[in-house]
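So the structure is just underneath, and the comments pick up after that.
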Protein chains: 2
Amino acid sequence: MPTATSDDDRDPDLVAVQESPAAAGGPTRPTGLDRERILRAAVDFIDEHGLAALTMRRLGASLGVEAMALYRYVPGREDLLDGIVERVTETLFDDEDGDELHIEQHTGWQDYLMRLAHGVRRIALAHPSVFPLVASRPPAAPWVRPPLRSLRVVESFLGTLSEAGFSDQAAVAAYRAYSSFLLGHLLLEVTQIGAQVSLLDQPEGDPEAQRTTDLSEYPSLLRTEPLLSLDKSAAEFEESLENLLDRLERVLHEAKNSDGEVGDLA
Amino acid sequence: MPTATSDDDRDPDLVAVQESPAAAGGPTRPTGLDRERILRAAVDFIDEHGLAALTMRRLGASLGVEAMALYRYVPGREDLLDGIVERVTETLFDDEDGDELHIEQHTGWQDYLMRLAHGVRRIALAHPSVFPLVASRPPAAPWVRPPLRSLRVVESFLGTLSEAGFSDQAAVAAYRAYSSFLLGHLLLEVTQIGAQVSLLDQPEGDPEAQRTTDLSEYPSLLRTEPLLSLDKSAAEFEESLENLLDRLERVLHEAKNSDGEVGDLA
DNA sequence: GCCCGGCGGTTTACGCCGTAAACGACCCGA
DNA sequence: TCGGGTCGTTTACGGCGTAAACCGCCGGGC
């Protein structure tokens, strides 16, 4: 049972990631380095070998080139990581059909927030090993909250909510609650994916000693362990998201009714 | 606006951290290495210089000793990091008065969840640079979700909710929603702290060019920028936490009324 | 008193890291 | 023909984690 959503239907945010033609195996690449090609190779590399394995030397090798060659297109490792994050998060916009994020495109702010959330989740699930980078790289401005990292997205978020009748305070509070929700849920979800695969490719040692930790001192854990091991990420994401939207809607309506008081959400 | 700390009273989770006597400056320490002393020094070091600055050599130097001396007490760097996390999270139990976490101690599951949340938040705020480690270190079992990392805490969590009438499914779902909430909120809060200090000690360059990014293309951002820069972390934490508890309470009561159906929260 | 084993810390060494700097090869317009 | 630019390589340096050899010292058995 891999990463099933509810018990038997598919997770709409889990899209098959097709191998870029002849990208995986050989260290050769016809010719012509280029910042864009480097970033693409870096993302592929992290997807395949994990974040910790990414070094300038190895990334160079994966492009059939010495490490120092990369420095002609990338100022240094830190900037490379920033570029990776930027590249991955930018796929929010070419997702789906054109740009789903434009205000005129969607039907209401709830629809907008749901599209945005699933867009970010799709990115996280497509690149589980890259997502911790999206979560932890220092943001451009101190009030930019991962995983909503680009000013363009934050602007679109605040603009949409404003237009829908949210006060500035309420919109900002919504932005904060929304980003906390996304970060917490998705970071835990991709971590769990990573933990599972790193368990799978470590079947060494005698198969008996590989037994899970002794839970005999923890009766509740022992009893609920099968439940804890079930993956309900997709359903829980949906549930939490809808709950957040309900809460925002309550704030919005309260502000409209008693409109002397500012619906502040905090 | 219920229990939230409003604009001007103190944050109860922000406790003053007193300097350990003569710990900050000199690299000297009387004598006698010891795993516990090493871990303490490591936490102090990270608090002072940041996570990235921690190396075996420098940690050794901060104890007046060569790097290799540490290896007599710590198998390696990875294990050191695990030890740091364990040491920091264990202070959950000696917080407050004895162990606040025992089931008999508190009055109801809501009170328990609030104490637990504020306990974790206190840890995060006391060691902002360590918390990302708490959040990202691979957990002991795949279903252990940071920042609630110890089996003891998870057991206590599930036991408390079970005893309060939650079904096993509902308790597990609550555990997941709760850990997502804590992780998302606290990680963003400590990140913001780190960003602010790292901005403060970088006042170099000519003071004019240090101007913040140009926001003229982003009208909503431009308008709400002062609001975005306001720190309302404590109040928002409280608000989100209370909302989560309300949601859990709803689940619990629905399950009790129509008790053929399982309140599943997801 | 002497010796000697092991405890606790140091020295040395190895391979990998990020990256500065010098160095070619190759191409193309004057 | 040539001289400069572009693009990648080579070489080198300091710092990293850590394996292995080394050594001073101290306490107990003879």
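So you know, we letter chains A, B, ... as the sequences are listed, proteins then strands, and number each from 1.
Taking atom CG on A:Leu54 and atom C1' on C:dG18, their separation rounds to 12 Å, with Å as the unit. The distance from atom CE of A:Met56 to atom P of D:dG8 is 14 Å, rounded to the nearest whole Å. A straight line from CD of A:Glu66 to P of C:dC17 spans 12 Å, rounded to a whole angstrom. Summarising the geometry, the separation between CG on A:Leu59 and C1' on C:dG18 is reported as 13 Å, rounded to the nearest angstrom.
Taking every side-chain heavy atom of B:Arg57 into account, D:dC16 is the closest of D:dC16, C:dT10, D:dG8. Of the candidate nucleotides D:dG8, D:dT9, C:dG9, D:dG8 has the atom lying nearest to any side-chain atom of A:Leu33.
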Next on the checklist: Assess the residue pair A:Glu36 and A:Tyr73 against the criterion (side-chain contact (heavy atoms from CB on, under 4.5 Å)); give the C-alpha distance rounded to whole Å, side-chain angles, the decisive distance to 0.1 Å, and a yes or no.
Outcome noted: CA-CA 9 Å; A:Glu36 195 56 28; A:Tyr73 306 93; over 6 Å; no

Next on the checklist: Does B:Arg149 form a salt bridge (charged side-chain N to carboxylate O under 4.0 Å, His left out) with B:Glu86? I'd like the steps, not just the answer.
Outcome noted: CA-CA 8 Å; B:Arg149 302 189 58 94; B:Glu86 194 182 348; over 6 Å; no

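A distance of 8.5 Å separates CG in B:Leu183 from CZ in B:Arg145, rounded to the nearest 0.5 Å. The distance from atom CG of B:Asp47 to atom NE2 of B:His127, rounded to the nearest 0.5 Å, is 5.5 Å.
Side-chain atoms of B:Thr55 and B:Arg77 include no donor-acceptor pair closer than 3.5 Å.
A side-chain contact (heavy atoms from CB on, under 4.5 Å) with B:Val74 holds for exactly one of B:Leu80, B:Asp82, B:Leu81; it is B:Leu80. Results of the ring pair (Phe, Tyr, Trp, His ring centres under 6.0 Å) test with B:His185 over B:Phe131, B:Phe237, B:Tyr178 single out B:Phe237 as the only residue that passes.
Within residues 68-79 of chain B, the residues that have a heavy atom under 4.0 Å from DNA chain C are, in order of number, B:Met68, B:Ala69, B:Arg72, B:Tyr73.
A salt bridge links B:Arg137 and B:Glu78; the closest N-O separation between the charged side-chain nitrogens and carboxylate oxygens is under 4.0 Å.
For D:dC16, the OP1/OP2 oxygens have a side-chain nitrogen or oxygen of B:Arg58 closer than 4.0 Å.
Stem regions for DNA chain C, each three or more consecutive Watson-Crick or G-U pairs with both distances under 3.5 Å and listed by first number, read C:1-30 with D:1-30.
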